[in-house]
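See structure below.
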Amino acid sequence: MHDIHCHILPGVDDGAQTMADSLAMLQAALRAGVSAITCTPHVRDPYFDGIEDYKRDFRAYEAFAQESASWLAKKGLPPVPVTMGFEVNVRKLEELGLDWLPRLCTERSRDLLLELSVGASPSRYDDYERLVFRLQGEGYHIIVAHPERYRAIQQDLGLAEELVNMGCDLQASADFIEGGRLGREKKPARELFRRGLYTHIASDAHNPHHYDLLARAAKKYGKRLPRHVWD
């Protein structure tokens, strides 16, 4: 199982704060059945404000990749491939400008993990669709992070269907299994799964417990996902 969205890098956002925290999350990820990890620190205020934060995040990534490989080797465990990406907030992307896109997509791919605004009105989704169309025109593949969290989609699941029809992937964050980060995600997530709109389940892990939730979500809903992305 490839975890495409997690906050496992130490000291860069509201996820792991120390390398010990990161390794505890890695251990929990292994228990959950994770075999590959894409690290996705936040690109949004107050955690990311430009090139110095970008360099900081990459230093944290390089340190974690080295430390995790060493930890796994000492335990006699097989290596876990680790790649770098970002969770890119749509407002921050608009502020930074599209020239930043090559830096923010997932390493060795043209995938962009895009976070929409939680409280955006349905009318704002017209702007999002125009942005997605522009990004696709630049050759990027859009993965929309945790659509079950967005108020407009909770009210109208047709907005999620429109994103899928445009060619976006939708990624469920595993904490929906307990109601979600904001407490209202379980019902819309279940309906999005019922409609077959998700492509990914990810941990969106900020601590080890979130990997326990990933294991539960994977067991219950993993068979509803395309096998080529789930394996």
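Computation of the quantities below employed the complete heavy-atom set of this structure, encompassing side-chain atoms and omitting hydrogens, waters and symmetry-equivalent molecules.
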Side-chain heavy atoms nearer than 4.5 Å, only ILVMFWY residues, links allowed to pass through others: does that put Y128 and L197 together?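 Yes, because Y128 and L197 connect within a single hydrophobic cluster, where side-chain heavy atoms sit under 4.5 Å apart.
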Do [X] and [Y] touch side chain to side chain, with heavy atoms closer than 4.5 Å?
X: H7; Y: D204; value: yes
X: R216; Y: D212; value: no
X: L93; Y: V43; value: no
X: L113; Y: V88; value: no

Determine whether a donor-acceptor pair (N or O, by modelled atom type, separation under 3.5 Å) exists between the side chain of [X] and the backbone of [Y].
X: E178; Y: F176; value: no
X: E52; Y: F48; value: no
X: S22; Y: I8; value: yes

Look at atom CZ of R190 and say whether more than 12 heavy atoms of other residues, nucleotides or ligands are closer to it than 6.0 Å.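 Count not over threshold, so no.
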CZ/R134: more than 12 non-hydrogen atoms of other groups inside 6.0 Å: no
To the nearest 0.5 Å, how far apart are [atom1] in [X] and [atom2] in [Y]?
X: S68; Y: L77; atom1: OG; atom2: CG; value: 11.5 Å
X: T199; Y: I4; atom1: OG1; atom2: CD1; value: 8.5 Å
X: Y140; Y: L114; atom1: OH; atom2: CG; value: 13.0 Å
X: M84; Y: L104; atom1: CE; atom2: CG; value: 9.5 Å

Do [X] and [Y] have a side chain donor and acceptor closer than 3.5 Å?
X: H42; Y: E115; answer: no
X: D14; Y: H206; answer: yes
X: Y125; Y: D156; answer: no

Minimal non-hydrogen separation, S123 against S121, with atom names: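 Closest approach of S123 to S121, heavy atoms only: OG-OG, 2.9 Å.
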For the residue pair Y221 and I177, what are the closest heavy atoms and their distance?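 What the structure gives for the nearest pair is CE1-CD1, 3.8 Å.
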Taking 4.0 angstrom as the limit, do E94 and R124 come out as a salt bridge?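 Looking at R124 together with E94, the answer is yes, because their closest N to O distance falls below 4.0 Å.
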Dump the intermediate steps for side chain to side chain donor-acceptor pair (under 3.5 Å) on E185 and H146, then the final yes or no. CA-CA 9 Å; E185 286 100 293; H146 41 62; over 6 Å; no
When you look at R91 and E95, which way does the salt bridge (charged side-chain N to carboxylate O under 4.0 Å, His left out) test go after all the steps? CA-CA 6 Å; R91 289 183 182 176; E95 178 186 321; over 6 Å; no
For R194 and E191: C-alpha separation, side-chain torsions, deciding distance, then whether salt bridge (charged side-chain N to carboxylate O under 4.0 Å, His left out) applies. CA-CA 5 Å; R194 190 189 70 79; E191 182 61 20; 2.6 Å; yes
